[in-house]
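One structure below.
In what follows, every chain begins at residue 1, and chains take the letters A, B, ... in the order their sequences are listed.
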Number of protein chains: 2
Amino acid sequence: MAESAKPATSMRSLERAIDILEVFDASQHALRLTEIARRAGLPIATTQRILGVLEARGRVERDANGYRPGVGLIFGAHAYLATSPLLNAARPVLQDLAAATGLTASLFKRIGWFRVVLARVDGATPLRYELPIGERLPLHLGAGKALAAQMTDDELAGFLDQLDSHTRADGSTVDRDQFLAELSTIRELGYSQARGEREPGMASVAAPVPDPAGASAAVQVTGTYTDVPEDRVPQLGVELQRAALAIARRTP
Amino acid sequence: MAESAKPATSMRSLERAIDILEVFDASQHALRLTEIARRAGLPIATTQRILGVLEARGRVERDANGYRPGVGLIFGAHAYLATSPLLNAARPVLQDLAAATGLTASLFKRIGWFRVVLARVDGATPLRYELPIGERLPLHLGAGKALAAQMTDDELAGFLDQLDSHTRADGSTVDRDQFLAELSTIRELGYSQARGEREPGMASVAAPVPDPAGASAAVQVTGTYTDVPEDRVPQLGVELQRAALAIARRTP
DNA sequence: GACAACTTCACCACTGTGTGGAAAGATGGG
DNA sequence: CCCATCTTTCCACACAGTGGTGAAGTTGTC
């Protein structure tokens, strides 16, 4: 847990409030005051004071079981989804992609060592499993590889170091060299593919959205093994690259 | 704009940061520093300092055009959606409702003088217009009436006072007495209905989710005029009440 | 190309806000 | 009923947050 720099602007109280909010981003159920304080690494009294404000402002809710994220958080996300140039550029492209392929098309963005689902348009057969917007998914499985392939060498090293195990949904494990080899294939081809890596029975093809400032987004189509037979992959790959390019073009 | 009390806990800087975030909740495009400061009613220097922190923490993004909401906001919303007892209770019920009626089922919650879309399950015919989660909709049109009908007299008075015009999507206007009469009908029947009030060509039926602490959520089904013929409404009304009750029962 | 208008940034001395230890109050298990 | 754990309230001090000011950067107009 090496603490990094605290460079330019600093505001302790705000910074701490965000720390507390981030505690909620992770866990699934209501948390007690003491627990939140512990996880955020803050004194209890301070934690409580901050939670009080957050609660008053609808950012946090509360019941007998403790504190939970509050409805107020919804608006920010909605505002982000509505104003993001990337998303506005991607939306029609995803529609087209879903219509043209009959598969479910999604847009991901890399955040730290994860990727996040930003948008999704269902194809002919809506997927059976949920994949709600905002979900955090790994970078080393499925469409994550399209993003991992775009990392700089330094980033990649850092990423691999914090990855403890690399096991796919089908139980197979991948070692570092295999993975690096795959990433370089992805860079060559311009798209990634996966079968049952993150979700058993599901296949996907993905392409990074080119971006001068280092690509951090990717488009993907997903479907069952039957929807995405092996021999359809190259064609889908090309279509995805076209889509990724279209998104990049339309992004201001 | 009567300022209310600022009782218990107060933390100026945090409070102000939230004010700034709320500025973004409203507007559609990137905002300049000066503009944000103006809207939040804060000194420029202070605004900038806060924005700096928010940006560093991914809550705000920035480009040549100014500041926009940041991706970081997504996680909070996701956490809320995942942990809200109301939502977890509602999800399966909405599924059933959509399956049983073939219509699109949604859950709303009242927040201030608005209602917010919390969840939506598409029916047989997915709706043509978007209604993304987090969207703020009026309380006096469509399914909003089911929520308005649950307000206390005081709340209702306050609500009507700040409502400047009451015009439906079809152009017809409603006066105060008409509206109050309709609300009391809704209370009697236990469900509300609307045709082309908020969205032309669309009809909906909605029922409030009972809650000891004053109902603030409602279930709804929507469809075209053809999907929801007049004579189907009473039956749907009953089904919605059942669904609303089921949600209330399942909510811890 | 020179001005004007606007926007953002860095500085810094003052002071009021946020801090957190400690003690009182709830809650609940055995 | 008592003890262990969690939550809330209190308060005096110190330092974090404040915001006026002016310089630096950007955009648009004539």
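Considering CZ of B:Arg62 and CG of B:Leu54, their distance stands at 12.0 Å, rounded to 0.5 Å. For the atom pair CG (B:Asp164) and OG1 (B:Thr167), the distance works out to 9.0 Å, reported to the nearest 0.5 Å.
Counting to the nearest Å, the P atom of C:dC6 and the CZ atom of B:Arg38 are 14 Å from each other. Following rounding to the nearest Å, A:Asn65 (CG) and D:dT7 (P) show an atom-to-atom distance of 11 Å.
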Report task. List the protein contact pattern of nucleotides 10-30 of chain C with one symbol per nucleotide (5' to 3'): B for base contact, S for sugar-phosphate-only contact, - for none; contact means a heavy-atom distance under 4.0 Å. Result -> -------SSBBB---------
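Not counting sequence neighbours, A:Glu239 has no partner by the salt bridge (Lys or Arg N to Asp or Glu O under 4.0 Å) test. Taking the salt bridge (Lys or Arg N to Asp or Glu O under 4.0 Å) definition, one finds that B:Asp63 meets it with B:Arg68, sequence neighbours left out.
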Atom pairs and distances, side-chain donor-acceptor, residues 136-146 of chain B, under 3.5 Å, sequence neighbours left out:
unit_1   : atom_1 : unit_2   : atom_2 : d
B:Lys145 : NZ     : B:Glu182 : OE2    : 2.6
B:Lys145 : NZ     : B:Gln193 : O      : 2.7
B:Lys145 : NZ     : B:Glu197 : OE1    : 3.4
B:Lys145 : NZ     : B:Glu197 : OE2    : 2.7

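A donor-acceptor pair is defined here as one N or O able to donate and one able to accept, closer than 3.5 Å; such a pair exists between the side chain of A:Thr83 and the backbone of A:Ala79. Using modelled atom types, one side-chain atom of B:Arg187 and one backbone atom of B:Ala149 make a donor-acceptor pair closer than 3.5 Å.
When heavy atoms are screened at a 4.0 angstrom cut-off, B:Arg62 is found touching the sugar-phosphate backbone but no base atom.
Ion pairing between a basic and an acidic side chain is recognised when a charged N comes within 4.0 Å of a carboxylate O; A:Glu35 and A:Arg38 show such pairing. Contact check on B:Glu22 versus B:Arg39 returns no salt bridge, with no Lys/Arg side-chain nitrogen under 4.0 Å from an Asp/Glu carboxylate oxygen.
Scanning residues 23-36 of chain A for heavy-atom distances under 4.0 Å to DNA chain D yields A:Arg32, A:Leu33, A:Thr34.
Axis angle, first five pairs versus last five pairs of the helix from C:dG1-D:dC30 to C:dG30-D:dC1: 50°, rounded to 10°.
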Query raised in the report: Taking it one step at a time, do A:Leu107 and A:Leu86 satisfy side chain to side chain contact (heavy atoms under 4.5 Å, CB included)?
Result: CA-CA 10 Å; A:Leu107 182 78; A:Leu86 173 65; 4.0 Å; yes
